[in-house]
Number of protein chains: 2
Amino acid sequence: MKIGELARLAGTNVETIRYYERDGLLPVPARSEGNYRIYGETHVQRLSFIRRCRSLDMTLDEIRVLLHFKESPQENCADVNRLLDRHIGHVAQRMQELQELERQLKDLRERCGEAREAAHCGILDGLSQAIVPGGETASHVQGTHRHAANRSLAKGNQGNQV
Amino acid sequence: MKIGELARLAGTNVETIRYYERDGLLPVPARSEGNYRIYGETHVQRLSFIRRCRSLDMTLDEIRVLLHFKESPQENCADVNRLLDRHIGHVAQRMQELQELERQLKDLRERCGEAREAAHCGILDGLSQAIVPGGETASHVQGTHRHAANRSLAKGNQGNQV
DNA sequence: TAGAAACCCTTGAGTGACTACAGAGTCAAG
DNA sequence: CTTGACTCTGTAGTCACTCAAGGGTTTCTA
């Protein structure tokens, strides 16, 4: 199959597949006479695996570790467990941060019930003083904003779910 | 004052200040004879405001809107309210996603209680099948991983808190 | 007063995980 | 034979910074 079909099957888009190839996550495929990439069932498997991991918010480096273990089935999988435990820890930590954030934002929002002149806006006032209380920690856990880049992930999920 | 002192006062680092200047968030400051940037109290205020907003995970574009209202105190602040409401929505949405994520990761983790051969690892098995159930949405809300870039934010917070 | 240390300058590249585009080639259907 | 859908490579852009090289300036200390 060509790249477009692989993309459809795995619920990714085409550029992402080429990106993974460049990045070494997908093996370099054979080419047709017309220089098109030709994929087989193993590629579908591997790409779907990657996408499933990505939908669990793992980094490509984390996924690389998992792929390594898939390829070396005789090795001990303790590292897989460790990786997942760490990842669960990151998610939990980020959730705590977001809870604190939500609290602060709602506090702030209550300072200005309805529209008035900006000069008397409680929100701007609040932001102009040092309100933020809790000391953040954070090492590996990201922010609140996701740009268009990640939208294909959502599409990807729908693609190969039951 | 010079850039280093401003950085200390606002709890940022020097590169970030120059970055904000390039990006138009901070006005171009005067220069000393030796070509050093010279800042005053207004710069401290403005930079602290920006950092406070960033510690609430707002984007620079969102902050630009807020700065505009700070500078036009006679305008109606309804947009400030709207911006904050939207932002609160994003945070709430991301928290829901992370909760779902945590559930899935813990499910997965239970599939492999202790270390064994990767060939029989329940986690790798799980990731190889289509487990992920919920359809993600997400438009503007980011992932679980934060890299070194954001660590200075935490430092920033400590800088100007009570 | 010399020299070292601390600070500052600009420029350019790097981060993660992609997306988007330009400009060209290939292929199947009508 | 042409249209349109698909594919190719390569490059640049996203976000909010960080880091490093290679230089200049200022301040502290001996």
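As the structure is a computational prediction, the values presented were derived from the model and not from experiment. Reminder, nothing fancy here: chain letters follow the sequence lines and each chain counts from 1. These numbers come from the heavy atoms of this one structure, side chains and all, not from hydrogens, waters or symmetry mates.
- Side chains of A:R51 and A:F49 form no contact here, defined as non-hydrogen atoms less than 4.5 Å apart.
- Between B:C53 and B:E62 the shortest side-chain heavy-atom distance does not fall below 4.5 Å.
- Rounded to an integer number of Å, the gap from B:Y19 OH to C:dC9 P is 18 Å.
- When the side-chain nitrogen and oxygen atoms of B:R18 are compared with OP1 and OP2 of C:dT10, none of them lie within a distance under 4.0 Å.
- Residues B:D85 and B:R82 are not paired through a salt bridge, judged by the lack of any N-O separation under 4.0 Å between the basic side chain and the carboxylate.
- Rounded to a whole Å, the CD1 atom of B:I63 is 8 Å from the P atom of D:dC17.
- Residues B:L60 and A:I3 each lie close to DNA chain D; by heavy-atom proximity, the contact nearer the 5' end of the strand is made by A:I3.
- For A:I17 and C:dT19, the CD1 to P distance is 11 Å, given to the nearest whole Å.
- When rounded to the nearest whole Å, the span between CG of B:L26 and C1' of D:dC17 equals 14 Å.
- Checking each of A:R31, A:M1, A:K2 against A:Y36 for a side chain to side chain contact (heavy atoms under 4.5 Å, CB included) leaves exactly one that passes, namely A:K2.
- Between B:N13 atom CG and D:dA16 atom P the separation is 16 Å, expressed in whole Å.
- Considering only heavy atoms from C-beta on, A:E21 stays 4.5 Å or farther from A:P27 through its side chain.
- Here the P atom of nucleotide D:dA16 and the CG atom of B:L25 are 9 Å apart, to the nearest Å.
- Distance, B:L6 CG to C:dC7 C1': 15 Å, rounded to whole Å.
- Contacts with DNA chain C (heavy atom under 4.0 Å) in residues 27-42 of chain A: A:G34, A:Y36, listed by number.
- Proximity of A:V28 to A:R37: side-chain heavy atoms (C-beta onward) are nowhere separated by under 4.5 Å.
- One interatomic measurement links the two molecules: CG of B:D61 to P of D:dC17, which rounds to 12 Å at whole-angstrom precision.
- Regarding contacts with the backbone of C:dT19, a side-chain N or O of A:T16 is found under 4.0 angstrom from either OP1 or OP2.
- In terms of phosphate contacts, B:R54 brings a side-chain nitrogen or oxygen within less than 4.0 Å of OP1 or OP2 of D:dC17.
- Of the two residues contacting DNA chain C, namely A:K2 and A:E15, the nearest-nucleotide position lying further toward the 5' end is that of A:E15.
- Within the 4.5 Å cutoff, side-chain heavy atoms of A:Y20 are placed close to those of A:I50.
- Remark: A:R51 is in phosphate contact with C:dC18, judged by side-chain N or O atoms under 4.0 Å from OP1 or OP2.
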